[in-house]
Peer 1: 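Following this message is one structure expressed as structure tokens.
Letters A, B, ... mirror the listed sequences (proteins, then strands); counts begin at 1. Here the structure is a predicted model, which means the values were calculated and not measured.
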Amino acid sequence: GAVVSQHPSWVICKSGTSVKIECRSLDFQATTMFWYRQFPKQSLMLMATSNEGSKATYEQGVEKDKFLINHASLTLSTLTVTSAHPEDSSFYICSARDPGGGYEQYFGPGTRLTVT
Amino acid sequence: DAKTTQPPSMDCAEGRAANLPCNHSTISGNEYVYWYRQIHSQGPQYIIHGLKNNETNEMASLIITEDRKSSTLILPHATLRDTAVYYCIVRDNFNKFYFGSGTKLNVKP
């Protein structure tokens, strides 16, 4: 199947700082990527849809000014958590759809964010 | 919002078939059912998907009822490495996935 990578795999930052997480599709071009958040022992929650060359669309309740998404190329989407606080500590996972395949989403390995 | 409900956990003996049920009674006619699994602290892994007909691949089989209100994922010969949380998802018309709470499958020796 298609491969999606994320960088970094884990990050620790201080409260008030910003953190950027990268999501890359390695062997296909993805016009659409998705960002999820997962708290411990909970399911994945869809945060936003990242569209190449246009603005991201956010799910209800997700602050677009806090979670900045940029999808500047067909293989890269970035999520920036601005002014991070301890409650933003979570597992952030991206996925991408291979338009050459079906509509299944291929998920990255996730990024563990800890805000101290 | 998730359109699926699954039992929170199930046990299965190693080597036996694991049958994981999922209810999706509000599914629309053109919405697909997808199954993924997540091993601890990793990204979800695609397993299989279907619309109406039963599907089989190298990992699993998917049985969808005729009224499409429920489905069952079958792992024919479960191994210890199949221990994971299994998610049944209905893909919406915007190709979004809304995850439910999933089923924690425990494969025991």
Peer 1: Considering only heavy atoms, which portion of A:Gln38 lies under 4.5 Å from any heavy atom of chain B: side chain, backbone, both, or neither?
Peer 2: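 The side chain, not the backbone.
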
Peer 1: Given that the side chain runs from C-beta out, which part of B:Tyr87 has a heavy atom under 4.5 Å from chain A: side chain, backbone, both or neither?
Peer 2: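 Side chain only.
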
Peer 1: Let me check something: do B:Leu62 and B:Leu105 share a hydrophobic cluster, defined by ILVMFWY side-chain heavy atoms less than 4.5 Å apart, either directly or through other members?
Peer 2: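 Cluster IDs for B:Leu62 and B:Leu105 match.
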
Peer 1: Would you give the length of the straight line joining atom OH of A:Tyr36 to atom OH of B:Tyr98, rounded to the nearest 0.5 angstrom?
Peer 2: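 One finds 9.0 Å between OH of A:Tyr36 and OH of B:Tyr98.
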
Peer 1: Around atom NZ of B:Lys108, are there more than 12 heavy atoms of other residues, nucleotides or ligands at under 6.0 Å?
Peer 2: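 No.
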
Peer 1: Measuring from atom OG of B:Ser101 to atom CD of A:Gln42, what distance do you get when rounded to the nearest 0.5 angstrom?
Peer 2: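 Output value for this atom pair is 10.5 Å.
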
Peer 1: Roughly how far, to the nearest 0.5 Å, is the OG1 atom of A:Thr57 from the CZ atom of B:Phe94?
Peer 2: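 Separation between the atoms: 9.5 Å.
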
Peer 1: Under a 4.5 Å side-chain heavy-atom rule over Ile, Leu, Val, Met, Phe, Trp and Tyr, are B:Ile74 and B:Tyr34 clustered together?
Peer 2: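 No, separate clusters.
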
Peer 1: Checking B:Tyr46 against chain A: side chain, backbone, both or neither under 4.5 Å from a heavy atom?
Peer 2: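 The answer is the side chain of B:Tyr46.
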
Peer 1: Provide the closest heavy-atom pair for B:Pro44 versus A:Leu44 in the form atom of the first, atom of the second, distance.
Peer 2: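 So the minimum-distance heavy-atom pair works out to CG-CD2, 3.7 Å.
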
Peer 1: Under 4.5 Å between side-chain heavy atoms, hopping through other hydrophobics if needed: is there a path connecting A:Leu68 to A:Leu76?
Peer 2: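 No, it is not one cluster - the side chains of A:Leu68 and A:Leu76 are not joined through contacts under 4.5 Å.
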
Peer 1: With only heavy atoms counted, which part of A:Leu46 is less than 4.5 Å from chain B, the side chain, the backbone, both or neither?
Peer 2: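 Side chain only.
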
Peer 1: Same cluster for A:Trp35 and A:Phe39 if Ile/Leu/Val/Met/Phe/Trp/Tyr side chains link at under 4.5 Å?
Peer 2: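 Cluster IDs for A:Trp35 and A:Phe39 differ.
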
Peer 1: Is any NZ, NE, NH1 or NH2 atom of the basic residue among A:Glu59 and B:Lys96 found under 4.0 Å from an Asp or Glu carboxylate oxygen of the other?
Peer 2: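 Here A:Glu59 pairs with B:Lys96 in a salt bridge, since their nearest N and O are under 4.0 Å apart.
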
Peer 1: Could you tell me the separation between the CD atom of A:Gln105 and the OH atom of B:Tyr36, rounded to the nearest 0.5 Å?
Peer 2: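 Reported to 0.5 Å precision, the distance equals 5.5 Å.
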
Peer 1: Do B:Val85 and A:Ser43 have side chains that approach each other closer than 4.5 Å (heavy atoms only, starting at C-beta)?
Peer 2: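 SC-SC contact between B:Val85 and A:Ser43 ruled out.
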
Peer 1: Find the distance between CD (A:Glu104) and CD1 (B:Ile47) and round it off to the nearest 0.5 Å.
Peer 2: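 Separation between the atoms: 12.5 Å.
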
Peer 1: Grouping I, L, V, M, F, W and Y whenever their side-chain heavy atoms are under 4.5 Å apart, do A:Phe107 and A:Met33 come out in a common cluster?
Peer 2: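 Hydrophobic grouping puts A:Phe107 apart from A:Met33.
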
Peer 1: What part of B:Gln38 lies closer than 4.5 angstrom to a heavy atom of chain A: side chain, backbone, both or neither?
Peer 2: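 Looking at B:Gln38, just its side chain touches chain A.
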
